[in-house]
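Protein chains get the first letters and strands the later ones, always in sequence-line order, with residue 1 at the start of each.
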Protein chains: 2
Amino acid sequence: MARRPAPDTRERILDTAALLFYDHGVQAVGMQQIIDRAKCGKSLLYREFPSKAELVAEYLERARRDFGRQYAEADDHAGSDPSARLIAFVEAMAEGVQSPDYRGCPFRNYLAEVADHDDSAGRIATGYLLDTRARIENFVADMNVAAPDVLAERIWLIVEGLHTAAAHPGGGRAADVALSLVRELVRDAMRV
Amino acid sequence: MARRPAPDTRERILDTAALLFYDHGVQAVGMQQIIDRAKCGKSLLYREFPSKAELVAEYLERARRDFGRQYAEADDHAGSDPSARLIAFVEAMAEGVQSPDYRGCPFRNYLAEVADHDDSAGRIATGYLLDTRARIENFVADMNVAAPDVLAERIWLIVEGLHTAAAHPGGGRAADVALSLVRELVRDAMRV
DNA sequence: GTCTATAAGCCGATAGAC
DNA sequence: GTCTATCGGCTTATAGAC
């Protein structure tokens, strides 16, 4: 018999690739870099991930799952009031940008650096954005406010700004600013 | 003497490079592509721009000048009231994202795709963002509102969101949303 | 480990104005 | 013919892929 495959190879490679992709951008990272860092051979990487495009897609897909889990957990603690759930969702996103080595949202970064949004990874990234936006719209729709479309559009704009501003110089307060503004908009919308 | 140099060579190359860089991202565009499109030889490009990094820096520097001119023109028509000048500034930025082939802010895109912000181009991009933010802060400071820092931070977040959201699917209304929200924040801040 | 494509950058070759 | 702006192939490194 031959050597048994290490069980966590795929995850280890994906971990390594994810770190590099996030820190340096997808295009700037070569397959050789990932191989060196993951301490695996080329054939092993290419057995698990048939191409770089596939590896990138898996990186984003896993990020989507991870984010989805975080948001689901935040939602569990938020009770059933739609406005509370909305705030909890924005809080969870705001928490995500607070890391000192935050370098932007992986999906937004991918869409900014790759022009073609119709490949596999691009569809995951745009899908994530559309899902996030739809989630906000659904929460707002359940809130019975006067102009739900306006409120949802505004919150979406702030969420976009949150992820972008936090990655820029002097963006350390973006999370607080976004949260306070969303809270105020929600409060005002429900008061009327 | 001998053959005269074509007068607009440098501008033509820079025009071509700018279009390609903006449409496909800086990293995805090769020097050969620029050479082919600009219908010039390699030596000519390398005589005008000693390296790709220099060419990218010139692309961003020219964009900064162009944007600066647009904003200065908008400011000329805005009168002297700081709140009107602030609104005019945001209107000018909102107009900029309305193009059907808008693919994001060139500076923000560059920072998203290149991790190292300490090279020549990166300093131009971060400088542009810091200048824009400072301009907003200065307008707000001149407005004599109760909490100028909060207002400026909020408007900056919305401006970041404007540029990001407009490049994403379904972002066609981002300009209107951002403008109406900024107008409302300014109005509320001055009412109190 | 090797192979092919392509990147950035360099230099000999070409050609057009005097 | 000569001088120089410009061209396009060449070199080396590195990419992705088998």
Side-chain angles (χ1 to χ4, degrees), chain A residues 2-3 5 9-10 12-61 109-110 113-116 118-122 124, chain B residues 1-61 109-110 113-116 118-122 124:
Chain A
R3 191 172 169 184
T9 305
R10 188 186 166 86
R12 198 185 69 238
I13 294 173
L14 195 48
D15 285 345
T16 308
L19 279 175
L20 289 170
F21 284 155
Y22 182 69
D23 284 345
H24 307 289
V26 166
Q27 312 224 54
V29 173
M31 295 297 261
Q32 190 60 53
Q33 265 180 276
I34 299 167
I35 287 156
D36 292 345
R37 276 255 208 141
K39 297 195 197 307
C40 67
K42 292 199 177 188
S43 55
L44 190 50
L45 188 152
Y46 276 96
R47 186 160 317 158
E48 297 293 336
F49 306 97
S51 72
K52 184 177 178 180
E54 285 271 344
L55 179 56
V56 172
E58 296 261 5
Y59 150 62
L60 289 181
E61 182 57 42
N109 282 354
Y110 179 81
E113 80 172 304
V114 178
D116 177 24
D118 280 342
D119 60 349
S120 177
I124 293 168
Chain B
M1 278 297 192
R3 189 176 173 181
R4 290 177 317 184
D8 57 347
T9 306
R10 187 187 166 85
E11 277 304 303
R12 197 185 71 239
I13 293 173
L14 194 49
D15 285 344
T16 309
L19 279 175
L20 289 169
F21 284 155
Y22 182 70
D23 284 347
H24 307 291
V26 166
Q27 312 222 55
V29 173
M31 295 297 259
Q32 189 60 52
Q33 263 180 277
I34 298 167
I35 286 156
D36 292 344
R37 277 255 209 140
K39 298 197 198 303
C40 68
K42 292 202 175 186
S43 55
L44 188 52
L45 188 152
Y46 276 98
R47 185 158 317 161
E48 297 293 337
F49 307 97
S51 70
K52 183 176 178 180
E54 286 270 344
L55 179 56
V56 172
E58 296 263 4
Y59 150 62
L60 289 182
E61 182 56 42
N109 282 355
Y110 179 83
E113 82 172 304
V114 178
D116 178 23
D118 280 341
D119 60 350
S120 176
I124 294 167

Between NZ of B/Lys39 and P of D/dG8 the distance, given in whole Å, is 11 Å

Taken to the nearest whole Å, CG/A/Asp36 to C1'/D/dT14 is 13 Å

In whole angstroms, the gap separating P of D/dA17 from CD1 of A/Ile35 amounts to 11 Å

To the nearest angstrom, the CD1-P distance between B/Ile13 and D/dA5 comes to 14 Å

*Check every strand shown and say whether B/Ser51 touches a base, only sugar-phosphate, or nothing at a heavy-atom separation below 4.0 Å.*
sugar-phosphate

Among D/dA5, D/dG16, D/dG8, the one nearest any side-chain atom of B/Ser43 is D/dG8

Separation of C/dT6 atom C1' from A/Gln27 atom CD, nearest Å, is 14 Å

Would you say A/Lys52 places a side-chain N or O within less than 4.0 Å of OP1 or OP2 belonging to D/dG16?
yes

| task | Step through the shown structure and confirm whether more than 12 heavy atoms of other residues, nucleotides or ligands are within 6.0 Å of CZ on B/Arg12. | result | yes

Side-chain atoms of A/Tyr46 come closest, of D/dT6, D/dC18, C/dA8, to D/dC18

B/Glu48 atom CD is separated from D/dC7 atom P, nearest whole Å, by 11 Å

| Just wondering, do B/Leu60 and B/Phe21 contact through their side chains at under 4.5 Å, heavy atoms? | no

Note to self: Can you confirm whether more than 12 heavy atoms, excluding those of B/Arg10, are under 6.0 Å from its CZ atom?
What the structure shows: yes

note: A/Gln32, atom CD; C/dG1, atom C1'; distance rounded to Å ~ 10 Å

Separation of D/dA15 atom C1' from A/Phe21 atom CZ, nearest Å, is 13 Å

Notebook entry, point to check: Less than 3.5 Å between a donor and an acceptor, one on the side chain of A/Lys42 and one on the base of C/dT2, is that the case here?
Noted result: yes

Q.
Does B/Thr9 form a side chain to side chain contact (heavy atoms under 4.5 Å, CB included) with B/Cys40? I'd like the steps, not just the answer.
A. CA-CA 9 Å; B/Thr9 306; B/Cys40 68; 5.5 Å; no

